[in-house]
S.K.: 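Sharing a structure here in C-alpha coordinates format.
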Amino acid sequence: MSYLAQTDTQLHDIINHETERQINKLQLIASENYASPSVLEATGSVLTNKYAEGYPSKRYYGGCEFVDQAEDLARERLGKLFGAEYTNVQPHSGATANQAIYFTFVKPGDKVLGMDLAHGGHLTHGSPVNFSGKLYDMVSYGVNRETGMIDLNEVEDIAMREKPKMIIVGASSYPRNIDYKAFREIADKAGAYLWADIAHPSGLIAVNLLNDPMPHCHVVTSTTHKTLRGPRGGIIMMGKDWENPFGIVAPKSGRTRMMSEVLDSVVMPGIQGGPLMHVIAAKAVAFGEALQPTFLTYQKQVKANAARLAELMVANGFNLISNGTDNHLMLIDLHNKNVTGKEAENAMEASGITLNKNMVPFDDRSPFVTSGIRIGAAAITTRGFRENDMEFVAEVINTVIDNIGNEAVYEDVRSRVKDYCSKFPLYTELTD
Ligand SMILES: Cc1ncc(COP(=O)(O)O)c(C=O)c1O
(Lines give C-alpha, C1' and ligand atoms only; values in the text may rest on other atoms or scores of the structure.)
Protein backbone atom coordinates (compact mmCIF):
# COMPACT_ATOMS: atom_id res chain seq x y z
CA MET A 1 0.00 0.00 0.00
CA SER A 2 1.23 3.49 -0.78
CA TYR A 3 1.02 6.09 1.98
CA LEU A 4 2.14 8.82 -0.37
CA ALA A 5 -0.81 8.09 -2.65
CA GLN A 6 -2.99 9.33 0.21
CA THR A 7 -0.84 11.95 1.91
CA ASP A 8 1.06 13.59 -0.91
CA THR A 9 -0.25 12.85 -4.36
CA GLN A 10 2.11 15.37 -5.91
CA LEU A 11 5.20 13.50 -4.77
CA HIS A 12 3.56 10.13 -5.32
CA ASP A 13 3.10 11.06 -8.97
CA ILE A 14 6.68 12.27 -9.29
CA ILE A 15 8.03 8.97 -7.89
CA ASN A 16 5.69 6.97 -10.13
CA HIS A 17 6.87 8.86 -13.19
CA GLU A 18 10.49 8.25 -12.24
CA THR A 19 9.78 4.53 -11.73
CA GLU A 20 8.18 4.39 -15.19
CA ARG A 21 11.11 6.28 -16.70
CA GLN A 22 13.54 3.75 -15.24
CA ILE A 23 11.41 0.86 -16.51
CA ASN A 24 10.67 2.13 -20.02
CA LYS A 25 13.99 3.64 -21.08
CA LEU A 26 17.29 2.07 -21.99
CA GLN A 27 19.48 2.93 -19.00
CA LEU A 28 23.08 3.20 -20.20
CA ILE A 29 24.56 5.63 -17.69
CA ALA A 30 27.72 3.86 -16.55
CA SER A 31 27.50 5.09 -12.96
CA GLU A 32 23.93 3.90 -12.35
CA ASN A 33 22.26 0.59 -11.63
CA TYR A 34 18.96 -0.83 -10.38
CA ALA A 35 19.20 -1.59 -6.64
CA SER A 36 17.22 -4.64 -5.54
CA PRO A 37 13.82 -4.28 -3.83
CA SER A 38 15.51 -5.46 -0.60
CA VAL A 39 18.05 -2.62 -0.83
CA LEU A 40 15.19 -0.18 -1.47
CA GLU A 41 13.26 -1.55 1.51
CA ALA A 42 16.20 -1.05 3.87
CA THR A 43 16.79 2.46 2.47
CA GLY A 44 13.17 3.33 3.18
CA SER A 45 13.14 1.82 6.68
CA VAL A 46 12.71 3.31 10.18
CA LEU A 47 16.48 3.34 10.58
CA THR A 48 16.30 6.80 9.01
CA ASN A 49 14.95 8.00 12.37
CA LYS A 50 18.02 7.07 14.39
CA TYR A 51 20.88 9.34 15.42
CA ALA A 52 24.06 7.31 15.87
CA GLU A 53 27.06 9.65 15.84
CA GLY A 54 30.16 7.61 16.54
CA TYR A 55 30.85 3.97 15.74
CA PRO A 56 29.31 0.67 16.96
CA SER A 57 29.59 0.42 20.76
CA LYS A 58 31.11 3.95 20.87
CA ARG A 59 28.13 6.20 20.14
CA TYR A 60 27.24 9.65 21.40
CA TYR A 61 23.57 8.55 21.60
CA GLY A 62 21.57 5.89 23.42
CA GLY A 63 19.30 3.34 21.77
CA CYS A 64 21.87 2.23 19.24
CA GLU A 65 21.86 -1.52 19.90
CA PHE A 66 20.15 -2.40 16.60
CA VAL A 67 21.81 0.15 14.36
CA ASP A 68 25.12 -1.07 15.84
CA GLN A 69 24.23 -4.54 14.57
CA ALA A 70 23.41 -3.16 11.13
CA GLU A 71 26.70 -1.26 10.87
CA ASP A 72 28.73 -4.23 12.17
CA LEU A 73 27.05 -6.45 9.59
CA ALA A 74 27.82 -3.97 6.81
CA ARG A 75 31.47 -3.74 7.85
CA GLU A 76 31.87 -7.48 8.27
CA ARG A 77 30.30 -8.26 4.88
CA LEU A 78 32.28 -5.55 3.12
CA GLY A 79 35.54 -6.80 4.63
CA LYS A 80 34.77 -10.30 3.43
CA LEU A 81 33.78 -9.10 -0.03
CA PHE A 82 37.06 -7.28 -0.72
CA GLY A 83 39.43 -9.05 1.68
CA ALA A 84 39.81 -5.81 3.62
CA GLU A 85 40.92 -5.72 7.25
CA TYR A 86 39.55 -2.19 7.68
CA THR A 87 36.25 -0.88 6.40
CA ASN A 88 34.29 2.30 7.02
CA VAL A 89 30.73 2.30 5.72
CA GLN A 90 29.70 5.76 6.94
CA PRO A 91 30.67 8.14 4.10
CA HIS A 92 27.46 9.65 2.73
CA SER A 93 28.84 9.56 -0.81
CA GLY A 94 31.87 8.73 -2.92
CA ALA A 95 32.95 12.37 -2.82
CA THR A 96 32.82 12.40 1.00
CA ALA A 97 34.86 9.18 1.20
CA ASN A 98 37.42 10.83 -1.07
CA GLN A 99 37.46 13.99 1.04
CA ALA A 100 38.36 11.81 4.03
CA ILE A 101 41.38 10.46 2.14
CA TYR A 102 42.74 13.94 1.41
CA PHE A 103 42.14 15.02 5.01
CA THR A 104 43.98 11.94 6.28
CA PHE A 105 46.99 11.68 3.98
CA VAL A 106 47.84 15.22 2.83
CA LYS A 107 47.77 18.82 4.02
CA PRO A 108 46.42 21.82 2.08
CA GLY A 109 49.06 22.92 -0.43
CA ASP A 110 50.58 19.41 -0.74
CA LYS A 111 51.11 17.99 -4.20
CA VAL A 112 48.76 15.21 -5.34
CA LEU A 113 48.91 13.33 -8.65
CA GLY A 114 45.65 12.13 -10.19
CA MET A 115 44.18 11.25 -13.54
CA ASP A 116 43.27 14.17 -15.81
CA LEU A 117 39.51 14.76 -15.81
CA ALA A 118 39.27 14.74 -19.59
CA HIS A 119 41.11 11.42 -19.61
CA GLY A 120 38.78 9.72 -17.15
CA GLY A 121 39.50 11.18 -13.70
CA HIS A 122 36.77 12.34 -11.31
CA LEU A 123 35.96 15.85 -10.05
CA THR A 124 37.40 14.91 -6.66
CA HIS A 125 40.70 14.02 -8.32
CA GLY A 126 41.67 17.66 -8.69
CA SER A 127 39.09 19.64 -10.64
CA PRO A 128 39.60 23.38 -10.06
CA VAL A 129 35.90 23.70 -9.17
CA ASN A 130 36.15 20.98 -6.51
CA PHE A 131 37.66 21.22 -2.99
CA SER A 132 40.48 18.95 -4.22
CA GLY A 133 41.59 21.42 -6.89
CA LYS A 134 41.14 24.39 -4.55
CA LEU A 135 43.02 23.02 -1.52
CA TYR A 136 45.81 20.94 -3.04
CA ASP A 137 48.53 21.39 -5.61
CA MET A 138 47.15 18.97 -8.21
CA VAL A 139 49.14 17.52 -11.08
CA SER A 140 47.83 14.99 -13.54
CA TYR A 141 48.61 12.06 -15.81
CA GLY A 142 46.50 10.96 -18.75
CA VAL A 143 46.20 8.26 -21.36
CA ASN A 144 48.47 7.77 -24.33
CA ARG A 145 47.15 9.56 -27.43
CA GLU A 146 47.61 6.49 -29.66
CA THR A 147 46.54 3.64 -27.37
CA GLY A 148 43.98 5.45 -25.21
CA MET A 149 45.48 3.58 -22.24
CA ILE A 150 47.38 4.73 -19.16
CA ASP A 151 51.06 4.88 -20.01
CA LEU A 152 52.88 3.70 -16.88
CA ASN A 153 56.20 5.10 -18.10
CA GLU A 154 54.60 8.52 -18.37
CA VAL A 155 53.04 8.17 -14.90
CA GLU A 156 56.47 7.26 -13.51
CA ASP A 157 58.16 10.19 -15.25
CA ILE A 158 55.59 12.63 -13.87
CA ALA A 159 55.74 11.09 -10.38
CA MET A 160 59.54 11.27 -10.26
CA ARG A 161 59.57 14.83 -11.56
CA GLU A 162 56.75 16.17 -9.37
CA LYS A 163 57.31 14.03 -6.23
CA PRO A 164 53.64 14.16 -5.09
CA LYS A 165 52.73 13.22 -1.51
CA MET A 166 49.88 11.06 -2.83
CA ILE A 167 48.94 9.36 -6.10
CA ILE A 168 45.34 8.63 -7.04
CA VAL A 169 44.60 5.65 -9.24
CA GLY A 170 41.04 5.20 -10.50
CA ALA A 171 38.62 6.96 -12.79
CA SER A 172 35.06 7.66 -13.89
CA SER A 173 35.43 6.84 -17.56
CA TYR A 174 38.45 4.60 -18.04
CA PRO A 175 37.47 1.34 -19.76
CA ARG A 176 40.59 -0.69 -19.04
CA ASN A 177 41.93 -2.91 -16.26
CA ILE A 178 44.39 -1.05 -14.04
CA ASP A 179 47.78 -2.35 -12.89
CA TYR A 180 47.72 -1.35 -9.20
CA LYS A 181 50.95 -3.24 -8.50
CA ALA A 182 52.83 -1.11 -11.04
CA PHE A 183 51.27 2.04 -9.57
CA ARG A 184 52.51 1.00 -6.11
CA GLU A 185 56.02 0.54 -7.42
CA ILE A 186 55.87 4.05 -8.87
CA ALA A 187 54.42 5.45 -5.63
CA ASP A 188 57.17 3.80 -3.58
CA LYS A 189 59.87 5.18 -5.87
CA ALA A 190 58.39 8.68 -5.66
CA GLY A 191 57.77 8.45 -1.91
CA ALA A 192 54.00 8.86 -2.29
CA TYR A 193 50.94 7.26 -0.72
CA LEU A 194 48.82 5.30 -3.17
CA TRP A 195 45.03 5.65 -3.05
CA ALA A 196 42.74 3.68 -5.35
CA ASP A 197 39.29 5.10 -6.10
CA ILE A 198 37.40 2.09 -7.48
CA ALA A 199 33.97 3.78 -7.48
CA HIS A 200 33.16 2.50 -10.95
CA PRO A 201 34.53 -1.05 -11.28
CA SER A 202 34.18 -2.10 -7.61
CA GLY A 203 31.52 -4.73 -8.36
CA LEU A 204 33.80 -6.40 -10.90
CA ILE A 205 36.78 -6.15 -8.55
CA ALA A 206 34.77 -7.70 -5.70
CA VAL A 207 34.40 -10.93 -7.69
CA ASN A 208 37.96 -10.90 -9.04
CA LEU A 209 37.07 -10.10 -12.65
CA LEU A 210 39.53 -7.19 -12.57
CA ASN A 211 42.86 -6.60 -10.80
CA ASP A 212 42.64 -6.28 -7.03
CA PRO A 213 43.92 -2.96 -5.61
CA MET A 214 43.69 -4.09 -1.97
CA PRO A 215 47.17 -5.65 -1.56
CA HIS A 216 48.89 -2.74 -3.31
CA CYS A 217 47.23 0.47 -2.15
CA HIS A 218 47.54 2.31 1.15
CA VAL A 219 43.83 2.99 1.01
CA VAL A 220 40.86 2.27 -1.27
CA THR A 221 37.55 4.15 -1.67
CA SER A 222 34.43 3.34 -3.64
CA THR A 223 30.84 4.29 -4.15
CA THR A 224 28.23 1.62 -3.42
CA HIS A 225 25.65 2.45 -6.08
CA LYS A 226 27.38 1.78 -9.40
CA THR A 227 28.53 -1.75 -10.31
CA LEU A 228 28.21 -2.72 -6.62
CA ARG A 229 24.43 -2.22 -7.02
CA GLY A 230 23.74 -0.93 -3.53
CA PRO A 231 22.21 2.27 -2.17
CA ARG A 232 23.81 5.65 -2.94
CA GLY A 233 26.87 6.04 -0.70
CA GLY A 234 30.60 5.74 -0.12
CA ILE A 235 33.03 3.35 1.60
CA ILE A 236 36.68 3.34 2.67
CA MET A 237 38.84 0.22 2.96
CA MET A 238 42.38 -0.91 3.70
CA GLY A 239 43.74 -4.40 2.99
CA LYS A 240 45.76 -4.29 6.20
CA ASP A 241 45.68 -1.89 9.12
CA TRP A 242 48.98 -0.15 9.96
CA GLU A 243 50.40 2.36 12.43
CA ASN A 244 49.88 5.91 11.22
CA PRO A 245 53.05 7.56 9.91
CA PHE A 246 51.97 11.08 10.90
CA GLY A 247 52.94 10.87 14.58
CA ILE A 248 49.31 10.87 15.78
CA VAL A 249 49.16 9.36 19.28
CA ALA A 250 46.35 8.52 21.69
CA PRO A 251 46.16 11.45 24.16
CA LYS A 252 46.21 9.41 27.41
CA SER A 253 48.41 6.39 26.66
CA GLY A 254 50.70 8.03 24.09
CA ARG A 255 50.23 4.96 21.92
CA THR A 256 50.65 5.49 18.17
CA ARG A 257 47.21 5.32 16.63
CA MET A 258 46.43 2.77 13.93
CA MET A 259 45.35 4.11 10.52
CA SER A 260 41.91 2.59 11.11
CA GLU A 261 41.47 4.90 14.10
CA VAL A 262 42.76 7.92 12.18
CA LEU A 263 40.46 7.29 9.20
CA ASP A 264 37.45 6.66 11.46
CA SER A 265 37.99 9.96 13.24
CA VAL A 266 38.50 11.88 9.99
CA VAL A 267 35.12 10.63 8.73
CA MET A 268 33.36 11.29 12.07
CA PRO A 269 33.76 13.81 13.72
CA GLY A 270 36.18 15.21 11.13
CA ILE A 271 33.78 15.55 8.21
CA GLN A 272 30.37 14.09 9.00
CA GLY A 273 27.88 14.10 11.83
CA GLY A 274 25.23 11.42 12.22
CA PRO A 275 25.58 8.48 9.84
CA LEU A 276 22.68 7.58 7.52
CA MET A 277 21.79 4.36 9.30
CA HIS A 278 19.06 3.41 6.81
CA VAL A 279 21.63 3.66 4.01
CA ILE A 280 24.23 1.74 6.03
CA ALA A 281 21.65 -1.03 6.54
CA ALA A 282 20.97 -1.00 2.80
CA LYS A 283 24.72 -1.22 2.17
CA ALA A 284 24.76 -4.34 4.39
CA VAL A 285 21.96 -5.81 2.27
CA ALA A 286 23.83 -5.04 -0.96
CA PHE A 287 27.11 -6.49 0.34
CA GLY A 288 25.20 -9.60 1.40
CA GLU A 289 23.82 -9.87 -2.14
CA ALA A 290 27.29 -9.35 -3.58
CA LEU A 291 28.59 -12.28 -1.51
CA GLN A 292 26.13 -14.65 -3.21
CA PRO A 293 27.30 -16.75 -6.20
CA THR A 294 24.67 -15.02 -8.37
CA PHE A 295 26.65 -11.77 -8.10
CA LEU A 296 29.62 -13.38 -9.85
CA THR A 297 27.26 -14.59 -12.59
CA TYR A 298 25.87 -11.06 -12.86
CA GLN A 299 29.28 -9.41 -13.10
CA LYS A 300 30.48 -11.91 -15.70
CA GLN A 301 27.43 -10.97 -17.74
CA VAL A 302 28.13 -7.24 -17.28
CA LYS A 303 31.61 -7.76 -18.66
CA ALA A 304 30.41 -9.96 -21.53
CA ASN A 305 27.66 -7.48 -22.44
CA ALA A 306 30.05 -4.50 -22.40
CA ALA A 307 32.57 -6.40 -24.52
CA ARG A 308 29.92 -7.42 -27.06
CA LEU A 309 28.45 -3.92 -27.25
CA ALA A 310 31.94 -2.45 -27.72
CA GLU A 311 32.58 -4.90 -30.56
CA LEU A 312 29.31 -3.94 -32.27
CA MET A 313 29.96 -0.21 -31.86
CA VAL A 314 33.39 -0.58 -33.46
CA ALA A 315 31.78 -2.55 -36.30
CA ASN A 316 29.37 0.40 -36.78
CA GLY A 317 32.31 2.76 -37.25
CA PHE A 318 32.41 4.26 -33.77
CA ASN A 319 35.75 5.30 -32.37
CA LEU A 320 36.13 3.75 -28.91
CA ILE A 321 38.87 5.14 -26.69
CA SER A 322 41.41 2.29 -26.35
CA ASN A 323 39.38 0.43 -28.98
CA GLY A 324 37.35 -1.60 -26.49
CA THR A 325 36.73 -2.31 -22.84
CA ASP A 326 37.82 -4.61 -20.01
CA ASN A 327 35.10 -3.50 -17.60
CA HIS A 328 31.47 -2.35 -17.62
CA LEU A 329 31.88 0.85 -19.65
CA MET A 330 33.10 2.32 -22.89
CA LEU A 331 34.02 5.82 -23.94
CA ILE A 332 33.21 6.87 -27.50
CA ASP A 333 34.80 9.73 -29.42
CA LEU A 334 32.17 11.15 -31.79
CA HIS A 335 34.44 13.40 -33.87
CA ASN A 336 34.19 11.10 -36.91
CA LYS A 337 30.37 11.17 -36.65
CA ASN A 338 30.28 14.99 -36.67
CA VAL A 339 28.14 15.03 -33.55
CA THR A 340 29.01 16.58 -30.18
CA GLY A 341 28.50 14.76 -26.90
CA LYS A 342 25.77 17.23 -25.97
CA GLU A 343 23.86 16.71 -29.22
CA ALA A 344 24.17 12.94 -28.85
CA GLU A 345 22.96 12.97 -25.24
CA ASN A 346 19.92 15.10 -26.15
CA ALA A 347 19.05 13.01 -29.20
CA MET A 348 19.32 9.79 -27.17
CA GLU A 349 17.15 11.23 -24.41
CA ALA A 350 14.46 12.07 -26.98
CA SER A 351 14.71 8.48 -28.22
CA GLY A 352 14.28 6.76 -24.84
CA ILE A 353 18.00 6.08 -24.38
CA THR A 354 19.65 7.52 -21.28
CA LEU A 355 23.39 8.05 -21.40
CA ASN A 356 25.76 10.94 -20.75
CA LYS A 357 27.99 13.19 -22.76
CA ASN A 358 31.62 12.86 -21.71
CA MET A 359 34.94 14.52 -22.34
CA VAL A 360 37.32 12.37 -24.35
CA PRO A 361 41.11 12.46 -23.95
CA PHE A 362 42.59 15.59 -25.60
CA ASP A 363 39.07 16.95 -26.07
CA ASP A 364 38.82 20.27 -27.93
CA ARG A 365 35.34 21.04 -26.54
CA SER A 366 34.19 22.26 -23.11
CA PRO A 367 32.78 19.92 -20.45
CA PHE A 368 29.32 21.34 -21.25
CA VAL A 369 29.54 20.26 -24.89
CA THR A 370 32.20 17.52 -25.06
CA SER A 371 33.13 15.30 -27.99
CA GLY A 372 32.07 11.97 -26.57
CA ILE A 373 29.58 9.76 -24.83
CA ARG A 374 30.04 7.19 -22.09
CA ILE A 375 28.03 3.96 -22.12
CA GLY A 376 27.73 1.41 -19.32
CA ALA A 377 26.24 -2.10 -19.23
CA ALA A 378 25.66 -2.55 -15.48
CA ALA A 379 21.99 -1.49 -15.32
CA ILE A 380 20.71 -3.23 -18.46
CA THR A 381 22.46 -6.40 -17.30
CA THR A 382 20.61 -6.22 -13.98
CA ARG A 383 17.30 -6.18 -15.85
CA GLY A 384 18.34 -9.28 -17.80
CA PHE A 385 19.94 -8.15 -21.07
CA ARG A 386 22.38 -10.73 -22.52
CA GLU A 387 24.99 -10.56 -25.28
CA ASN A 388 22.44 -11.04 -28.06
CA ASP A 389 20.44 -8.05 -26.76
CA MET A 390 23.47 -5.85 -27.41
CA GLU A 391 22.59 -6.00 -31.11
CA PHE A 392 19.42 -4.06 -30.39
CA VAL A 393 21.27 -1.61 -28.14
CA ALA A 394 23.98 -0.96 -30.74
CA GLU A 395 21.42 -0.65 -33.53
CA VAL A 396 19.29 1.98 -31.78
CA ILE A 397 22.31 4.07 -30.77
CA ASN A 398 23.63 3.91 -34.32
CA THR A 399 20.25 4.84 -35.80
CA VAL A 400 19.94 7.91 -33.55
CA ILE A 401 23.50 9.10 -34.28
CA ASP A 402 22.87 8.72 -38.01
CA ASN A 403 19.64 10.73 -37.75
CA ILE A 404 20.44 13.64 -35.45
CA GLY A 405 17.58 16.15 -35.57
CA ASN A 406 15.08 13.72 -37.10
CA GLU A 407 12.14 13.73 -34.68
CA ALA A 408 10.32 10.94 -36.52
CA VAL A 409 13.29 8.63 -36.01
CA TYR A 410 13.49 9.60 -32.34
CA GLU A 411 9.82 8.74 -31.92
CA ASP A 412 10.17 5.40 -33.69
CA VAL A 413 13.23 4.45 -31.61
CA ARG A 414 11.50 5.56 -28.40
CA SER A 415 8.59 3.25 -29.06
CA ARG A 416 10.85 0.34 -30.08
CA VAL A 417 12.96 0.85 -26.93
CA LYS A 418 9.85 0.80 -24.75
CA ASP A 419 8.64 -2.43 -26.39
CA TYR A 420 12.04 -4.04 -26.04
CA CYS A 421 12.37 -3.02 -22.38
CA SER A 422 8.93 -4.48 -21.64
CA LYS A 423 10.44 -7.92 -22.29
CA PHE A 424 12.63 -7.38 -19.20
CA PRO A 425 10.26 -6.70 -16.31
CA LEU A 426 11.65 -4.48 -13.58
CA TYR A 427 10.30 -3.40 -10.18
CA THR A 428 6.94 -5.07 -10.90
CA GLU A 429 6.15 -4.85 -7.18
CA LEU A 430 6.54 -1.06 -7.26
CA THR A 431 4.14 -0.24 -10.05
CA ASP A 432 0.41 0.31 -9.52
C1 LIG B 1 35.77 7.66 -9.65
C2 LIG B 1 34.69 8.32 -8.84
N3 LIG B 1 34.96 8.71 -7.60
C4 LIG B 1 34.04 9.32 -6.83
C5 LIG B 1 32.75 9.54 -7.30
C6 LIG B 1 31.81 10.34 -6.45
O7 LIG B 1 30.73 9.64 -5.99
P8 LIG B 1 29.43 10.43 -5.47
O9 LIG B 1 28.70 10.91 -6.65
O10 LIG B 1 28.71 9.38 -4.66
O11 LIG B 1 29.91 11.53 -4.60
C12 LIG B 1 32.41 9.13 -8.58
C13 LIG B 1 31.05 9.35 -9.08
O14 LIG B 1 30.73 9.30 -10.20
C15 LIG B 1 33.41 8.50 -9.38
O16 LIG B 1 33.15 8.12 -10.64
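Numbers here are sequence positions counted from 1. Read the numbers this way: they start at 1 and go in the same order the structure lists the ligands and their atoms. These figures come from a predicted structure and were not determined experimentally.
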S.K.: Might you work through the side chain to side chain donor-acceptor pair (under 3.5 Å) test for Thr382 and Tyr298, ending with a clear yes or no?
M.R.: CA-CA 7 Å; Thr382 293; Tyr298 163 64; 3.1 Å; yes
S.K.: Please determine whether a side-chain nitrogen of the Lys or Arg among Arg184 and Asp188 lies less than 4.0 Å from a carboxylate oxygen of the Asp or Glu.
M.R.: yes
S.K.: How are the rings of Phe105 and His218 set to each other: parallel, tilted or perpendicular (split at 30° and 60°)?
M.R.: tilted
S.K.: Can you list the atoms of ligand 1 that are under 4.0 Å from a heavy atom of His200?
M.R.: 16 (O)
S.K.: Check this for me: Glu41, atom CD, are more than 12 non-hydrogen atoms of other residues, nucleotides or ligands nearer than 6.0 Å?
M.R.: no
S.K.: If the cut-off is 4.0 Å to any non-hydrogen atom of Ser93, which atoms of ligand 1 fall inside it?
M.R.: 10 (O), 11 (O)
S.K.: For ligand 1, which atoms, with element, lie under 4.0 Å from some heavy atom of Thr223?
M.R.: 7 (O), 10 (O)
S.K.: Can you list the ligand 1 atoms lying under 4.0 Å from a non-hydrogen atom of Gly94?
M.R.: 6 (C), 7 (O), 8 (P), 10 (O), 11 (O)
S.K.: Among all protein heavy atoms in this structure, tell me which lies nearest to atom 16 (O) of ligand 1, with the distance rounded to 0.1 Å.
M.R.: Ser172 OG, 2.7 Å
S.K.: Nearest protein heavy-atom contact for atom 11 (O) of ligand 1: which residue, which atom, what distance?
M.R.: Ala95 N, 2.8 Å
S.K.: Tell me the protein heavy atom at minimum distance from atom 14 (O) of ligand 1, and give that distance in Å.
M.R.: Lys226 NZ, 3.0 Å
S.K.: Any heavy atom of Ala171 closer to ligand 1 than 4.0 angstrom?
M.R.: yes
S.K.: List every atom of ligand 1 that sits less than 4.0 Å from any heavy atom of Ala199, numbering the atoms from 1 in the order shown and giving each element.
M.R.: 1 (C), 2 (C), 3 (N), 15 (C)
S.K.: Examine Phe287 together with Phe82 and report whether their ring centres are nearer than 6.0 Å.
M.R.: no
S.K.: Does Arg308 pair with Glu311 as a salt bridge, N-O distance under 4.0 Å?
M.R.: yes
S.K.: Short list, please: which atoms of ligand 1 are under 4.0 Å from a heavy atom of Asn98?
M.R.: 3 (N), 4 (C)
S.K.: Short N/O distance, under 3.5 Å, between Asp197 and ligand 1?
M.R.: yes
S.K.: Before accepting this row, confirm whether a basic side-chain N of the pair Lys337/Glu343 lies closer than 4.0 Å to the acidic partner's carboxylate O.
M.R.: no
S.K.: Among the heavy atoms of His225, does any lie under 4.0 Å from an atom of ligand 1?
M.R.: yes
S.K.: So that I know where these two stand, are Phe131 and Tyr102 an aromatic pair - ring centroids less than 6.0 Å apart?
M.R.: yes
